[in-house]
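Here the structure is laid out as structure tokens; the discussion comes afterwards.
Below, chains carry the letters A, B, ... as their sequence lines are ordered, and counting in each starts from 1.
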2 protein chains.
Amino acid sequence: MVTSQRRERERAQRETLIVNAAREMAEADGWPAVTVRRLAERIEYSQPVLYSHFAGRGAIVDAVALQGIGELAEALEAARAGAEPGAELAAVAQAYLDFATGHPAVFEAAFTLAEGLPFGPDAPEVLKAGFAPLFAVFAPLAGDHDPEAVTEAGWAAIHGLAVLARDGRLRPEHQEERLAVVLEKFTGR
Amino acid sequence: MVTSQRRERERAQRETLIVNAAREMAEADGWPAVTVRRLAERIEYSQPVLYSHFAGRGAIVDAVALQGIGELAEALEAARAGAEPGAELAAVAQAYLDFATGHPAVFEAAFTLAEGLPFGPDAPEVLKAGFAPLFAVFAPLAGDHDPEAVTEAGWAAIHGLAVLARDGRLRPEHQEERLAVVLEKFTGR
DNA sequence: CTCGGATGTCTAGCGGTGCTAGAATTTTGT
DNA sequence: ACAAAATTCTAGCACCGCTAGACATCCGAG
């Protein structure tokens, strides 16, 4: 009976082992290289073990995505809290872009690969936590608009910078100026 | 000798047949459903024929992406040219979002699936053509910034709206207001 | 301490994928 | 008419995600 607790603990441990392995492999060689076979070999278990933890490969990607969104949320909040007064928006935006370039595979998992994550009203707590620091910096700029709509619009602007830059669509050497433009436009100079 | 011209013509014809088939299948059932086998069956040729036209599945996706970017460029330019004076930016942005929601698979091919398309200085003509109408509407708002940087920033804002909305990250019923926010912020009210 | 049942893990394999070597066929020019 | 060249197809490779069923291990009752 008591041992069942240990087993459960070991199970949870192995689950994070899987997620971490998937994340590391994706960050090292890209998501296509993260196959169930290679993942199983990496953690030194057979493939069916993975399916006893996750519904399928997609669920593993989702788990990495969720973990990543959590870290992104923390990074944004930390940036906001640690910024000079008046510079919160710039700090949060910069943190967002830094996360995207610093953890490209996790960013990809969170925003283009994840398919099983619920959004909207019944989104997990972590997702709402990520929205909070954005709301904190964009809502004051709402004027007579809906603060949430302004936040979504500002988020979209930063997110667009991140994804277009990641895909090589923008001139790399002007990233800083582009961000400056977005910030000025949203703060009204 | 003369017949070689006909053969070349037929070859080109079959190539567009392939691209169109891929595009229709993707738009109907999503890109994962576009397999080389199904594509070959659809055009009533064997698989190796596809490889005599394209280097691989990825190259077919790229071809759809390129075609789509061309159409997007035309749509943006048409919107700009047909807009009331002073409403060009709104018209172009709306056309961009309409294209994204109207041809989701093509949009996906162009911006998240395409991997073999060159960007930057040696980008194909079509890509630069797509940038032109954006530059036309954003450059006048540059102020003392680099007009191209402002264009890239504006493009990113619209693009971010498109992709976040597509992935269900934003409240669907507020799409119009978000666009209004972006437009106001960039035009300075 | 034994041993049947439950739990956990693995081996082996299914149908599908992108891609390709080599056979078979058709078209071409003499 | 026929050999050469170009084109198309058949068949198969290695890999993918996923799973049924065999095997091993651990548990608690007698």
Legend entry - Smallest separation among heavy atoms of Gly130(B) and Pro133(B), with atom names: O-CD, 3.4 Å
Roughly, in whole Å, what's the span from [atom1] in [X] to [atom2] in [N]?
X: Glu15(A); N: dG8(C); atom1: CD; atom2: P; answer: 14 Å
X: Phe54(B); N: dC19(C); atom1: CZ; atom2: P; answer: 13 Å
X: Glu44(B); N: dC9(D); atom1: CD; atom2: C1'; answer: 15 Å
X: Leu50(A); N: dC16(D); atom1: CG; atom2: P; answer: 13 Å
X: Met25(B); N: dT17(C); atom1: CE; atom2: C1'; answer: 13 Å
X: Glu41(A); N: dT9(C); atom1: CD; atom2: C1'; answer: 17 Å
X: Trp31(B); N: dT17(C); atom1: CH2; atom2: C1'; answer: 16 Å

Under 4.0 Å from OP1 or OP2 of [N]: is there any side-chain N or O of [X] that close?
X: Arg11(B); N: dA6(D); answer: no
X: Ser46(A); N: dT9(C); answer: no
X: Arg14(A); N: dT9(C); answer: yes

Consider the side chain of [X], meaning its heavy atoms from C-beta on, and name the nucleotide among [options] that approaches it most closely.
X: Tyr51(A); options: dG17(D), dC10(C), dT10(D); value: dG17(D)
X: Arg57(A); options: dG17(D), dC19(C), dT8(D); value: dG17(D)
X: Val49(B); options: dT8(D), dG12(D), dG17(D); value: dT8(D)
X: Tyr45(A); options: dC10(C), dT17(C), dC9(D); value: dC10(C)
X: Val36(A); options: dG18(C), dC18(D), dT9(C); value: dC18(D)

Inset, instruction - Determine whether the side chains of His103(A) and Glu71(A) contain a donor N or O and an acceptor N or O closer than 3.5 Å. - result: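 Checked: His103(A)/Glu71(A) side chains show no N/O donor-acceptor pair below 3.5 Å.
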Inset, instruction - Please evaluate the base of dG16(C) for a donor-acceptor partner in the side chain of Arg37(B) within a cut-off of under 3.5 Å? - result: no
Legend entry - Donor-acceptor pair (no angle test) under 3.5 Å: Gln47(A) side chain, dC18(D) base: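 Looking at the base of dC18(D), it does pair with a donor or acceptor on the side chain of Gln47(A) (distance under 3.5 Å).
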Legend entry - Earlier contact from the 5' end, DNA chain D, for Ala55(A) and Pro32(A):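 Its nucleotide being nearer the 5' end, the pick is Pro32(A).
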Legend entry - Side chain proximity check, Thr112(B) to Trp31(B), heavy atoms < 4.5 angstrom: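 Heavy-atom side-chain distance check fails, nothing below 4.5 Å.
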Inset, instruction - Would you check, one step at a time, whether the test side-chain contact (heavy atoms from CB on, under 4.5 Å) holds for Tyr51(B) with Val36(B)? - result: CA-CA 9 Å; Tyr51(B) 290 91; Val36(B) 178; 3.6 Å; yes
Inset, instruction - Please say whether the positively charged group of Arg166(B), taken as NZ for Lys or CZ for Arg, lies over the ring of Phe107(B), i.e. under 6.0 angstrom from the six-membered ring centre and within 45 degrees of the axis. - result: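 Judged by the rule, Arg166(B) and Phe107(B) form no cation-pi pair.
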